[in-house]
K.L.:
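There's a structure below that I have some questions on.
Counting begins at 1 with the first residue of the sequence.
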Amino acid sequence: MKNEFAKSMTPHIKPYNTLEKKNRYLLFVLPAPACCSSRYGLAFLSCYGFFVAYALRVNLSVAMVDMLKNRSSVNNSSSVCPHHSIPVPKHNHTASVYDWDSETQGWILGSFFYGYILTQIPGGYLARKYGAKWLFGIGILCTVIFTLLTPVATDLGAGYLIAVRVLEGIGEGVSYPAMHAMWASWAPPLERSRLLTISYTGAQLGTVVALPLSGQICFYLDWTYVFYIFGAVGLLWFVLWAYFVSNSPSLHKRISADEKTYIMASLKNELSPTTDYIPWTSILKSLPLWAIVVAHFSYNWTFYTLLTLLPTYMNDILGFSIQQNGMLSALPYLGCWLLALLGGQLADLLREKYLIRTVIVRKAFTIVGMVGPAVFLVAAGYTGCNFVLAIAFLTLSSSLGGVSASGFNINHLDIAPSYAGILLGITNSFATIPGMVGPVIARSLTKSNTIPEWQIVFYISAAINIFGAVFFTIFGKGTLQPWAVQRIHIQ
């Protein structure tokens, strides 16, 4: 009996070892042009979606500088750099300002993530069960609506602002799990790095645009318009998303027959035939998944700390005004966006043309994208008031982080594409914790706003980054896991 069972399982194990070779073969025999294709259309529309999501997430970081009363508590010792004065028109400051201490600021900036963490795993499950299109679209639409309500909530008090930010996080929390589930049905294996980096670098692009533009809006209008203008941009995106996007190639009304055949054939051996069965025990016991969890948590500690507090660092330490602040705070994310896009092209080239194993590509890109940022982040803390060098190091740190987009960040689709949304929900739940506690810890460590205090913040972030890179390098995998495709059904 035992031998018969072993024989019955043998044919089902073989595809796991030969899957990458099969997918390379399919890519060459069933090519589909990228130009004007539905899969690249999805990539650019989802890029726009993540642009909106991150613009709405980071605009408060810049607006916060303008929402506060002039603080006499800011340290004026020699360790804080003098302000950089440039001839500019008078700052328009007609909106209300508030007297929030450092601790309150930390809670406001981190509150988004308390809602964000709640919908990660449910988002992955719902996207797999019911489809990702409307989950992703309505999630971001909810964030847009609460963004438009932010000025009213702020006038009511800090508690109301925190509540609105939590609700924004709940809406936006489904975005990454839903999009990972969408790409499981849309991204041919050897195009994953390209398609997913185009899609997800909308986050960096949103940051690049929102930081400087928010500064300009605050300066020439007032901080309330930051939320109204970006909210309107989000409403436009939702209309486009609702009209042009479908859950899968088989449901898309405008996709070509060649592209549909190409995508579905390339994914034939990877996707589970049912959406009802989820191997929770195998998922939670999977060491390759926990390798992604650790890497994702570690990377996000640095990313979220800078995302929420870089404008404050620019203002309180480097001495840049609200108008200059957004422009300079955006530079690191511009570099991150560019290297993430280039990294996606390079990663797929290495796998497709040079036949380098997926696991090697993922680990190499993770090491560069996490150790490099750690080195330059620590270096930035020792530049003193040399603002050119400080900005250069911060830009290099964040830019190199973009390389990890083709590393651990899309590894869920390598090891279990059928459950990619659920896996992303799990890893992003842990990776949201830095967004919740990072700003609070950083602000509690920088109450006097001195350079030595910020050096401690940078050291902590760098150490966590390096640990994550080492852990993923040791335990990460790049092949489909045996539990990821349900081959037999035992009654």
Side-chain angles (χ1 to χ4, degrees), residues 9 11-23 26-27 39 42 46 120-133 135-136 174-193 195-196 199-200 246-252 260 262-293 296 358-359 362 408-429 476-490:
M9 289 298 293
H12 306 306
I13 296 173
K14 187 177 180 182
Y16 302 130
N17 300 324
T18 60
L19 187 59
E20 255 185 291
K21 292 179 181 178
K22 283 188 176 182
N23 283 329
L26 286 168
L27 187 65
R39 66 190 186 281
L42 173 62
S46 59
Q120 294 295 321
I121 296 175
Y125 174 79
L126 292 172
R128 174 174 168 77
K129 185 77 173 176
Y130 301 108
K133 173 186 174 177
L135 187 66
F136 184 79
V174 302
S175 56
Y176 277 101
M179 205 61 230
H180 248 47
M182 179 82 86
W183 282 124
S185 300
W186 274 97
L190 293 184
E191 292 187 34
R192 278 179 186 151
S193 301
L195 288 168
L196 269 72
S199 177
Y200 294 146
S246 297
N247 277 315
S248 66
S250 61
L251 298 175
H252 202 287
K260 182 189 294 187
Y262 163 60
I263 294 173
M264 296 180 72
S266 67
L267 295 172
K268 181 179 179 181
N269 293 316
E270 292 204 352
L271 298 178
S272 173
T274 177
T275 60
D276 296 324
Y277 175 75
I278 300 174
W280 287 108
T281 302
S282 298
I283 287 173
L284 295 177
K285 289 168 62 177
S286 175
L287 191 55
L289 171 63
W290 289 104
I292 303 173
V293 168
H296 203 168
T358 298
V359 67
R362 300 293 182 235
F408 73 87
N409 206 35
I410 60 175
N411 192 226
H412 317 73
L413 283 158
D414 298 322
I415 65 172
S418 288
Y419 308 105
I422 293 172
L423 300 193
L424 195 281
I426 294 171
T427 66
N428 216 20
S429 293
K477 299 292 183 183
T479 53
L480 187 68
Q481 297 301 290
W483 49 264
V485 177
Q486 187 188 13
R487 298 282 183 177
I488 57 175
H489 300 272
I490 300 175

K.L.:
Checking side-chain contact (heavy atoms from CB on, under 4.5 Å) for the pair I278/Y125: CA distance, chi angles, key distance, verdict?
P.N.:
CA-CA 9 Å; I278 300 174; Y125 174 79; 3.5 Å; yes

K.L.:
Taking the six-membered ring where the residue is Trp, are the ring centres of W186 and H252 under 6.0 Å apart?
P.N.:
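Centroid separation for W186 and H252: below 6.0 Å.
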
K.L.:
Restricting to side chain to side chain contact (heavy atoms under 4.5 Å, CB included), what partner residues turn up for A181, sequence neighbours left out?
P.N.:
A127

K.L.:
Checking N411 now: which residues fulfil side chain to side chain donor-acceptor pair (under 3.5 Å) with it, not counting sequence neighbours?
P.N.:
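So N411 forms a side chain to side chain donor-acceptor pair (under 3.5 Å) with D414.
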
K.L.:
Return the set of residues passing ring-ring contact (aromatic ring centres under 6.0 Å, His included) with H412 (not counting sequence neighbours), or none when no residue passes.
P.N.:
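Applying ring-ring contact (aromatic ring centres under 6.0 Å, His included) to H412 gives H180.
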
K.L.:
Can you tell me how far CD1 of I422 sits from CG of L289, rounded to the nearest 0.5 angstrom?
P.N.:
11.0 Å

K.L.:
Hey, mind stepping through M179 and Y200 against side-chain contact (heavy atoms from CB on, under 4.5 Å) and telling me if it holds?
P.N.:
CA-CA 9 Å; M179 205 61 230; Y200 294 146; 3.7 Å; yes

K.L.:
So, for A132 and A178, which heavy atoms are closest and what is the spacing to 0.1 Å?
P.N.:
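Result for this residue pair: CB-O, 3.1 Å.
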
K.L.:
Applying side chain to side chain contact (heavy atoms under 4.5 Å, CB included), can you list everything that pairs with K260, at least two apart in sequence or on another chain?
P.N.:
P249, I255, M264

K.L.:
Can you name the nearest heavy-atom pair linking F136 to S175, along with the distance?
P.N.:
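Scanning both residues, the minimum pair turns out to be CD1-O, 3.3 Å.
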
K.L.:
Are L196 and L413 close enough that some pair of their side-chain heavy atoms sits under 4.5 Å apart?
P.N.:
yes

K.L.:
For residues S193 and R362, is any side-chain donor paired with an opposing acceptor at under 3.5 Å?
P.N.:
yes

K.L.:
Minimum heavy-atom separation for G123 to L135, with atom names?
P.N.:
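Taking G123 first and L135 second, the nearest heavy atoms are O-CD2, 3.2 Å.
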
K.L.:
Hey, what do you get for CG (L424) to CD1 (I292), rounding to the nearest 0.5 Å?
P.N.:
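The distance works out to 9.0 Å.
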
K.L.:
Got a sec: does the NZ of K133 have more than 12 other heavy atoms crowding it under 6.0 Å?
P.N.:
yes

K.L.:
What's the shortest heavy-atom distance between G124 and P177, and which atoms?
P.N.:
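Reported closest heavy-atom pair: N-CB, 3.5 Å.
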
K.L.:
About how many Å separate NE2 of H296 and CG of N409, when rounded to the nearest 0.5 Å?
P.N.:
5.5 Å

K.L.:
From I263 CD1 over to S185 OG, what is the distance, rounded to the nearest 0.5 angstrom?
P.N.:
10.0 Å

K.L.:
With rounding to the nearest 0.5 Å, note down the distance linking CD1 in I415 to CD1 in I410.
P.N.:
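Nearest 0.5 Å value for the CD1-CD1 distance: 12.0 Å.
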
K.L.:
Which residues pass the side chain to side chain contact (heavy atoms under 4.5 Å, CB included) test with L195, sequence neighbours left out?
P.N.:
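L195: side chain to side chain contact (heavy atoms under 4.5 Å, CB included) contacts with R39, Y40, A43, W183, A187, P188, E191.
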
K.L.:
Shortest non-hydrogen contact from G476 to V359?
P.N.:
O-CG2, 3.8 Å

K.L.:
Please determine whether side-chain contact (heavy atoms from CB on, under 4.5 Å) holds for the pair S418 and R128, giving the CA-CA distance in whole Å, both sets of side-chain angles, and the decisive distance to 0.1 Å.
P.N.:
CA-CA 8 Å; S418 288; R128 174 174 168 77; 3.9 Å; yes

K.L.:
Once rounded to the nearest 0.5 Å, what's the spacing between atom CH2 of W483 and atom CD1 of I283?
P.N.:
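So the CH2 of W483 and the CD1 of I283 are separated by 5.0 Å.
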
K.L.:
Please list, chain by chain and in numerical order, all residues satisfying side chain to side chain donor-acceptor pair (under 3.5 Å) with S248, sequence neighbours excluded.
P.N.:
S250

K.L.:
Which heavy atom of G425 sits nearest to which heavy atom of Q120, and what is that distance?
P.N.:
O-CB, 3.2 Å

K.L.:
Quick one: do I121 and I426 satisfy side-chain contact (heavy atoms from CB on, under 4.5 Å)? Show the steps, please.
P.N.:
CA-CA 6 Å; I121 296 175; I426 294 171; 4.0 Å; yes

K.L.:
Without swapping roles, check the side chain of S46 against the backbone of L42 for a donor-acceptor pair under 3.5 Å.
P.N.:
yes

